[in-house]
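Reading through the structure tokens given below for one structure.
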Amino acid sequence: QVQLVESGGGSVQAGGSLRLSCAASGRTLSRYSMGWFRQTPGKEREYVAGIRWSGRDPFYADSVKGRFSISRDNNQNTFYLQMDSLKPEDTAIYYCAADIRVIYSAHPGLDASAYDYWGQGTQVTVSS
């Protein structure tokens with residue numbers, strides 16, 4: 001069983017920055033892809049970013065490309081989402097997710113259905 005716990009959310013003004021963390025326990029996730037998603041009321045969960053087991057060549061949604069950066073520390077079993085130049089439309093609950101069905105996957109899933117385990121989410125609010 002994998003447990004994921006997000007932290008680092010909060011309220012910030014437009015143009016500001018936040019760094020989200022996702023601490024994993026129950027299994028070492030160094031061989032698996034990880035993703036970050038976000039969701040607002042009444043909308044489906046939206047893909048934000050994904051990262052391979054190696055940490056190389058991460059993937060980003062067009063809406064966050066150039067502003068957000070996903071990374072991982074396999075030694076700490078922790079994953080991060082650095083969010084810069086935040087906009088009000090980035091306001092959402094942010095979730096980290098793990099895909100443990102494929103070891104050493106070269107292609108992190110871009111859809112929520114590709115992920116097996118989810119954190120409880122952390123709220124990010126960006127005011128104008």
Side-chain angles (χ1 to χ4, degrees):
Q1 191 75 5
V2 175
Q3 292 82 41
L4 302 174
V5 178
E6 301 97 337
S7 61
S11 297
V12 64
Q13 290 191 326
S17 299
L18 285 173
R19 189 192 195 204
L20 304 184
S21 299
C22 174
S25 61
R27 179 183 288 200
T28 299
L29 299 183
S30 59
R31 299 180 296 176
Y32 303 105
S33 298
M34 298 293 295
W36 284 96
F37 289 77
R38 64 188 182 187
Q39 190 169 23
T40 54
K43 293 188 177 181
E44 292 188 355
R45 200 160 289 190
E46 175 191 19
Y47 171 81
V48 174
I51 190 166
R52 299 184 180 96
W53 65 274
S54 65
R56 296 172 61 183
D57 301 323
F59 297 81
Y60 298 97
D62 288 342
S63 58
V64 306
K65 200 171 293 183
R67 300 187 297 121
F68 289 13
S69 177
I70 188 173
S71 61
R72 65 191 300 160
D73 183 340
N74 286 337
N75 291 328
Q76 298 295 324
N77 218 22
T78 302
F79 310 87
Y80 304 97
L81 185 68
Q82 177 67 41
M83 306 186 294
D84 298 321
S85 302
L86 282 161
K87 303 176 181 180
E89 51 263 44
D90 294 320
T91 296
I93 299 174
Y94 283 72
Y95 300 89
C96 66
D99 173 8
I100 66 168
R101 287 172 287 182
V102 181
I103 297 176
Y104 302 129
S105 173
H107 302 285
L110 304 182
D111 186 82
S113 62
Y115 294 84
D116 311 285
Y117 292 95
W118 294 82
Q120 82 290 349
T122 185
Q123 176 71 47
V124 171
T125 302
V126 184
S127 58
S128 58

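We number each residue from 1, following the sequence as shown.
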Worked check of side chain to side chain contact (heavy atoms under 4.5 Å, CB included) between Glu46 and Ser63
CA-CA 11 Å; Glu46 175 191 19; Ser63 58; 3.9 Å; yes

Do [X] and [Y] sit in the same hydrophobic cluster, where Ile, Leu, Val, Met, Phe, Trp and Tyr count as joined when their side-chain heavy atoms come under 4.5 Å apart?
X	Y	value
Val5	Ile51	no
Trp53	Tyr80	no
Tyr47	Val64	no

Please check: side-chain N/O of [X] versus main-chain N/O of [Y], any donor-acceptor pairing under 3.5 Å?
X	Y	result
Asp116	Ile100	yes
Asn74	Thr28	no
Arg31	Ile103	no
Tyr117	Leu4	no
Glu6	Cys96	yes
Tyr60	Ile70	yes
Arg38	Val48	no
Asn77	Ala24	yes
Arg72	Phe79	no

How many angstroms lie between [atom1] in [X] and [atom2] in [Y], if you round to the nearest 0.5 Å?
X	Y	atom1	atom2	answer
Ser105	Met34	OG	CE	13.0 Å
Ile93	Phe37	CD1	CZ	15.0 Å
Leu18	Thr122	CG	OG1	8.5 Å
Arg19	Asp84	CZ	CG	11.0 Å
Ser54	Tyr104	OG	OH	11.0 Å
Leu86	Ser11	CG	OG	11.0 Å

If you look at every heavy atom in [X] and [Y], which pair is closest and at what distance?
X	Y	result
Thr125	Gln123	OG1-NE2, 3.3 Å
Ser17	Ser85	OG-N, 4.3 Å
Pro108	Ser33	CA-OG, 3.8 Å
Val2	Arg27	CG2-CB, 3.9 Å
Val124	Gly9	CG2-CA, 4.2 Å
Trp36	Leu20	CH2-CB, 3.7 Å

Determine the interplanar angle of the Phe68 and Tyr94 rings, folded into 0 to 90°, and report it as parallel if under 30°, tilted if 30 to 60°, perpendicular if over 60°.
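The arrangement is tilted - the two ring planes meet at 30° to 60°.
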
Are Val126 and Glu89 close enough, and set up right, to give a side chain to side chain contact (heavy atoms under 4.5 Å, CB included), and what steps lead you there?
CA-CA 8 Å; Val126 184; Glu89 51 263 44; over 6 Å; no

Does a side-chain heavy-atom distance below 4.5 Å link Arg45 with Tyr115?
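A side-chain contact under 4.5 Å is absent here.
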
Side-chain ion pair, Asp62 and Lys65, N-O less than 4.0 Å:
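Lys65 and Asp62: salt-bridged.
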
Let me see the working for Met83 and Arg67 under side chain to side chain contact (heavy atoms under 4.5 Å, CB included), right down to the final yes or no.
CA-CA 6 Å; Met83 306 186 294; Arg67 300 187 297 121; over 6 Å; no

